[in-house]
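Encoded as structure tokens, the structure appears first; notes follow it.
In what follows, every chain begins at residue 1, and chains take the letters A, B, ... in the order their sequences are listed. All values derive from a computational prediction rather than experimental measurement.
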Amino acid sequence: MGTIDLRAAADGNLFADLSSQVHQLPCCIRFDGPSEVSHYFKPKSSEVEIDGVKTEEAHFRGRKLQGATISLPSGYSGFVLGQASDLNANGKRKASSITDENPCWEAKAKFDNLTYWNHDNLPSKDDTFVRSFHWFNIAEALHKPVKVEDLVAAVSHGGKDQL
Amino acid sequence: MGSDCLTPEWASQPCLIGIDEAGRGPVLGPMVYGCMYCPVSYQSSLASLHFADSKTLKEEKREELYENLKLDNSLGWAVDVIDPRELSAKMLAKNKTNLNEISHNSAMGLIKRVLDMGVFLTEAYLDTVGDPEKYRIKLSERFPSIKFVVSKKADSLFPIVSGASIVAKVTRDRALREWLVEETGENINRNFGSGYPGDPETKAWLVQHKHSVFGFPSLVRFSWGTCTAHLKGEVEVAWEADETEESGNGSSSKRQAKLSSFGFKTCESRSEEIESSGKGRCKFFQARKIQQLTQF
């Protein structure tokens, strides 16, 4: 099934904090690997404020991008995952093998916010990306432990109210 | 940018305006629209100011003429410097604006600016962009009180236009000389030459400054054919706007982009593909493009 190892997150020193450096672009870049992002990608804050959020402007391959920085809700963290090392702390090969059926990921960096970018359009609350965050609230409501009082209240209201 | 922001004292006399551009052809740097205006009664003096065809003048001579023009109190001038980033952005936008439209809008913007200053324009002379008659009609509809003359090579026919041409050319040359290249990085230099695609110095600069992911510094006009040709071998970047054009369905319905078109290597299994297209998922997830991922 695979594993995700987040233990390194506990040690602040080992860990890069990429808040304000994670960008979701409105295009597919068919490339994986390091690149001189900070030399070429230069977001600037624009004068426009939407729904209380300061928008930013940037250019990529000649296209104008308009974006907004969204914080992750409290209780959630963002992680950049990379392939786990094949070697353990002693430099010896780990006993458990990493295979295609058993991919092992480990956290390499974390972030508390990310910036998503639209092509040409100003960011807005109706953007798909912003709306995807609604899932956090729903998930919480769905998976929150139910208290006896809630059940009683729901039943006594004829079961029509939400749980 | 222009001559005194204060309205000239002769503004209430009937005036004529000439408009020309510089830097339309180059693959990098700004495009500049320039105008020059004066009282109609001053027109005969213009011919004696020896503008000639600005393109045949040497740079130093042009600079000299420009400085002299600025000193002449019977002449007004203004420019619109169009940033290459704006050119790229508008020509590559979801709703594209072509270069002719951008040019027309710039010229009309200059006319409006001069009118707003209180100058009583009655005649206008422009070098043509696209079909001269169509352009003339478009201008007349926008500014019914002005008589428009639109022709090819207007800068060699009408001194007021060759004056505008000098203003535009000198402004463009200076802007390019002083251009602040945003991009940092050690390998970036300013030896880009004239910016014309045929200029060997410009060609060499483009080859040297090509970047596999970012393409070029933003000084370059990404909408230019020269540019796209250079980037053919580099990292491919797919935009939603381009995809909807290619699919050519006719219908503009938003089809859900698959995860695989965003470079995610998911399992190629049939069930994963269906999952990725959003079929069968409840509307809440579909609308928010959320997919359950059990393996990656």
| request: Starting at SG of B:Cys227, measure out to CZ of A:Arg61 and round the result to the nearest 0.5 Å. | output: 8.5 Å
| Heavy-atom distance under 4.5 Å to chain B: side chain of A:His119, backbone, both or neither? | both
| How long is the gap from NZ on B:Lys94 to CZ on A:Arg63, to the nearest 0.5 Å? | 10.5 Å
| query | Would the number of heavy atoms belonging to other residues, nucleotides or ligands and lying under 6.0 Å from NZ of A:Lys42 be above 12? | reply | yes
| request: Supply the atom-to-atom distance B:Glu86 CD to A:His59 NE2, rounded to the nearest 0.5 angstrom. | output: 9.0 Å
| said: If I take atom CZ from residue B:Phe285 and atom CH2 from residue A:Trp135, how far apart are they, to the nearest 0.5 angstrom? | reply: 4.0 Å
| Reported CZ-to-CD1 distance for the pair B:Arg288 and A:Ile138, which is rounded to 0.5 angstrom | 7.5 Å
| said: Once rounded to the nearest 0.5 Å, what's the spacing between atom CZ of B:Phe214 and atom CD1 of A:Ile29? | reply: 7.0 Å
| field | Part of A:Asp127 lying under 4.5 Å from any heavy atom of chain B | value | neither
| Structural part of A:Val130 lying under 4.5 Å from a heavy atom of chain B | neither
| field | Option in A:Trp105, A:Phe41, A:Phe129 with maximal non-hydrogen atom pairs under 4.5 Å from chain B | value | A:Trp105
| remark: For B:Phe284 and A:His134 the tightest heavy-atom approach is CZ-CB, 4.0 Å
| Under 3.5 Å, is there a donor-acceptor pair linking the side chains of A:His39 and B:Thr184? | yes
| message | Parallel, tilted or perpendicular: which one describes the rings of B:His211 and A:Tyr40, with boundaries at 30° and 60°? | response | tilted
| query | Which atoms of B:Ile188 come close to chain A, meaning under 4.5 Å heavy atom to heavy atom: side chain ones, backbone ones, both, or neither? | reply | side chain
